**Student:** 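The structure is given below, and queries will be raised subsequently.
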Amino acid sequence: MSYPQAPWTLKGYAIQTLQLIDIDRARPFIPKELDIIPVWPGKTLGGVYVSSYGLGSVLEYNELIVVAGVVNYSGKIGGWVSHIYVDNSDSVAGGREIWGLPKELAEFNWLKGEESNVTVRQGNQQLCSLTYSQPSFGLPIIPLSGPVLSSLGTDLLLFKGEFESRLGLINSKLVVPAESPFSSLNLGQPWLSVYCDDLRLVAGAPQVVGNRSVEFSYS
């Protein structure tokens with residue numbers, strides 16, 4: 001399997017949703033060494049990110065990321081990716097071997113229109129479906145940065161995702177079937193959804209920030 005070394009530059013478009021997640025539901029998906037940060041009594045912040053990376057990217061693929069919560073490890077704060085799916089086997093290998101992310105292969109079906117939809121499946125199993133409107137308004141291209149914590153073997157890693165994008169608020173509806181691997185997070189409907197156009201994302205090289213006594217299993 002061949003894949004580019006970090007950092008990865010990816011260009012395309014994406015939808016980001018934000019949801020409040022019960023900390024008790026997020027806990028099984030997050031290593032015990034990490035503290036889950038509450039943003040409301042008993043709840044942390046998570047969400048779903050669905051993207052399509054095309055021309056100008058180091059690899060071209062679609063991606064679904066599920067963030068189970070915001071975590072803290074020794075003063076280092078970041079999102080925790082509990083599930084991640086792509087439709088490119090090189091991206092799977094790179095994601096697992098560079099960043100320790102639990103990437104799996106899946107199929108993506110995008111339908112564009114006044115009311116658009118993306119459905120993600122693994123074989124006969126539907127992982128989720130996201131229906132979304134066109135942006136109600138757009139902001140100029142804005143640079144943002146977000147840290148992510150992950151686990152590779154017994155190492156705890158920290159890396160940054162830096163991106164620039166034109167942003168627009170949208171309405172969205174998320175459907176997660178009971179058989180989906182992340183249904184127990186009980187994501188519910190987003191309280192905020194953003195469409196990211198003219199997206200340029202740089203996934204930075206990770207650094208080791210800690211160690212675990214045993215390897216973490218994402219399942």
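Given the structure is predicted, the values throughout are model-derived calculations rather than measurements. Values reported hereafter were calculated over all heavy atoms of this structure, with side chains retained and with hydrogens, waters and symmetry mates removed.
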**Student:** Can you confirm whether Tyr132 sits close enough to Asn171 that some side-chain heavy atom of one is under 4.5 Å from a side-chain heavy atom of the other?
**Tutor:** no
**Student:** Is Leu34 close to Leu156 at the side-chain level, that is, under 4.5 Å between some pair of heavy atoms?
**Tutor:** yes
**Student:** On a heavy-atom basis, which atom in Ala68 and which in Ala26 lie closest, and how many Å separate them?
**Tutor:** O-CB, 3.3 Å
**Student:** Have Gln122 and Glu104 got a donor and an acceptor in their side chains that come within less than 3.5 Å?
**Tutor:** yes
**Student:** For Thr119 and Arg121, which heavy atoms make the closest approach, and how far apart are they?
**Tutor:** CG2-CG, 4.1 Å
**Student:** Can you check whether Trp191's main-chain N or O pairs, donor with acceptor, with Gln19's side chain at less than 3.5 Å?
**Tutor:** no
**Student:** Do NZ/NE/NH1/NH2 and the carboxylate oxygens of Arg200 and Glu162 come within less than 4.0 Å?
**Tutor:** no
**Student:** Once the angle between the rings of Phe182 and Tyr85 is folded into 0 to 90°, is it parallel (under 30°), tilted (30 to 60°) or perpendicular (over 60°)?
**Tutor:** tilted
**Student:** Looking at Thr131, is its backbone amide N or carbonyl O close enough to the side chain of Ser172 to form a donor-acceptor pair, meaning the two atoms are under 3.5 Å apart?
**Tutor:** no
**Student:** If only atom types and distance count, is the side chain of Gln125 paired as donor or acceptor with the main-chain N or O of Glu179 below 3.5 Å?
**Tutor:** yes
**Student:** Starting from the C-alpha separation in whole Å, work towards a yes-or-no answer on side-chain contact (heavy atoms from CB on, under 4.5 Å) for Val194 and Leu169.
**Tutor:** CA-CA 5 Å; Val194 178; Leu169 291 178; 4.1 Å; yes
**Student:** Would you say the side-chain atoms of Arg96 pair up with the backbone N or O of Trp99, donor to acceptor, closer than 3.5 Å?
**Tutor:** no
**Student:** Do any N or O atoms from the side chain of Thr44 and from the backbone of Ile21 form a donor-acceptor pair under 3.5 angstrom?
**Tutor:** no
**Student:** Indicate the atoms forming the closest heavy-atom contact of Ser57 with Tyr53, along with that distance.
**Tutor:** OG-CB, 3.6 Å
**Student:** Taking the side chain as everything from C-beta on, heavy atoms only, tell me whether Phe159 gets closer than 4.5 Å to Leu101.
**Tutor:** yes
**Student:** NZ of Lys43: more than 12 outside heavy atoms within 6.0 angstrom?
**Tutor:** yes
**Student:** Does Asn88 reach the main-chain N or O of Glu60 with its side chain, forming a donor-acceptor pair under 3.5 Å?
**Tutor:** yes
**Student:** Would you name the heavy atoms of Gly188 and Leu174 that are closest together and state the gap between them?
**Tutor:** O-CD2, 4.1 Å
**Student:** Determine whether Ile84 and Val66 satisfy the following criterion, side-chain contact (heavy atoms from CB on, under 4.5 Å), listing intermediate values before the conclusion.
**Tutor:** CA-CA 6 Å; Ile84 178 168; Val66 179; over 6 Å; no
**Student:** Heavy atoms, side chains only, cut-off 4.5 Å: are Ile98 and Tyr3 in contact?
**Tutor:** yes
**Student:** In this structure, would Val70 and Leu144 fall into the same cluster of hydrophobic residues linked by side-chain contacts under 4.5 Å?
**Tutor:** yes
**Student:** In terms of side-chain heavy atoms, does Ser184 have a donor or acceptor partner in Asn186 at a distance below 3.5 Å?
**Tutor:** no
**Student:** Counting N and O atoms only, with roles assigned by atom type, does the side chain of Asp22 sit under 3.5 Å from a partner on the main chain of Arg25, one being a donor and the other an acceptor?
**Tutor:** no
**Student:** Could you tell me whether the side chain of Pro181 reaches within less than 4.5 Å of the side chain of His83, counting heavy atoms only?
**Tutor:** yes
**Student:** Can Ser165 and Asp197 be counted as having a side-chain donor-acceptor contact under 3.5 angstrom?
**Tutor:** no
**Student:** Count I, L, V, M, F, W, Y as connected when their side-chain heavy atoms are under 4.5 Å apart, and connections chain through other members. Are Val202 and Ile65 then in the same cluster?
**Tutor:** no
**Student:** If you draw a 6.0 Å radius around CG in Leu55, do more than 12 non-hydrogen atoms from other residues or ligands fall strictly inside?
**Tutor:** no
**Student:** Taking all atoms of both residues into account, what is the closest heavy-atom pair of Ser133 and Ile170, and its distance?
**Tutor:** O-CG2, 3.3 Å
**Student:** I'd like to know if the side chain of Ser150 reaches the main chain of Gly100, judged simply by a donor and an acceptor atom lying under 3.5 Å from each other, with no hydrogens or angles considered.
**Tutor:** no
**Student:** Indicate whether any N or O donor in one side chain lies under 3.5 Å from an N or O acceptor in the other, for Asn62 and Trp110.
**Tutor:** yes
**Student:** Examine Leu18 and Val175 and state if one hydrophobic cluster contains both, with Ile, Leu, Val, Met, Phe, Trp and Tyr joined whenever side-chain heavy atoms are less than 4.5 Å apart.
**Tutor:** no
**Student:** Looking at every non-hydrogen atom in both residues, tell me the closest pair between Ala14 and Ser51 and how far apart they are.
**Tutor:** CB-CB, 3.6 Å
**Student:** With side chains defined as the heavy atoms from C-beta onward, is the minimum distance between Leu127 and Phe108 less than 4.5 Å?
**Tutor:** no
**Student:** Any chance you could lay out the side-chain contact (heavy atoms from CB on, under 4.5 Å) test for Leu59 and Trp8, step after step, and finish with the verdict?
**Tutor:** CA-CA 8 Å; Leu59 292 172; Trp8 285 10; 3.8 Å; yes
**Student:** Is the shortest heavy-atom distance from the side chain of Tyr61 to the side chain of Leu10 under 4.5 Å?
**Tutor:** yes
**Student:** Exactly one of Ile142, Leu139, Asp198 should register a side chain to side chain contact (heavy atoms under 4.5 Å, CB included) with Arg166. Which one does?
**Tutor:** Asp198
**Student:** Flag yes if more than 12 heavy atoms outside Arg212 fall under 6.0 Å of its CZ atom; otherwise flag no.
**Tutor:** yes
**Student:** Working note: Leu157 + Val209, criterion side-chain contact (heavy atoms from CB on, under 4.5 Å); need CA distance, chi angles, decisive distance, verdict.
**Tutor:** CA-CA 6 Å; Leu157 307 179; Val209 294; 6.0 Å; no
**Student:** Short question: side chain of Gln134, backbone of Gly113 - any donor-acceptor pair under 3.5 Å?
**Tutor:** yes
**Student:** Using only atom types and a distance under 3.5 Å, with no angle test, would you say the side chain of Gln16 pairs donor to acceptor with the backbone of Val48?
**Tutor:** yes
**Student:** Does any non-hydrogen side-chain atom of Val67 lie less than 4.5 Å from one of Trp80?
**Tutor:** no
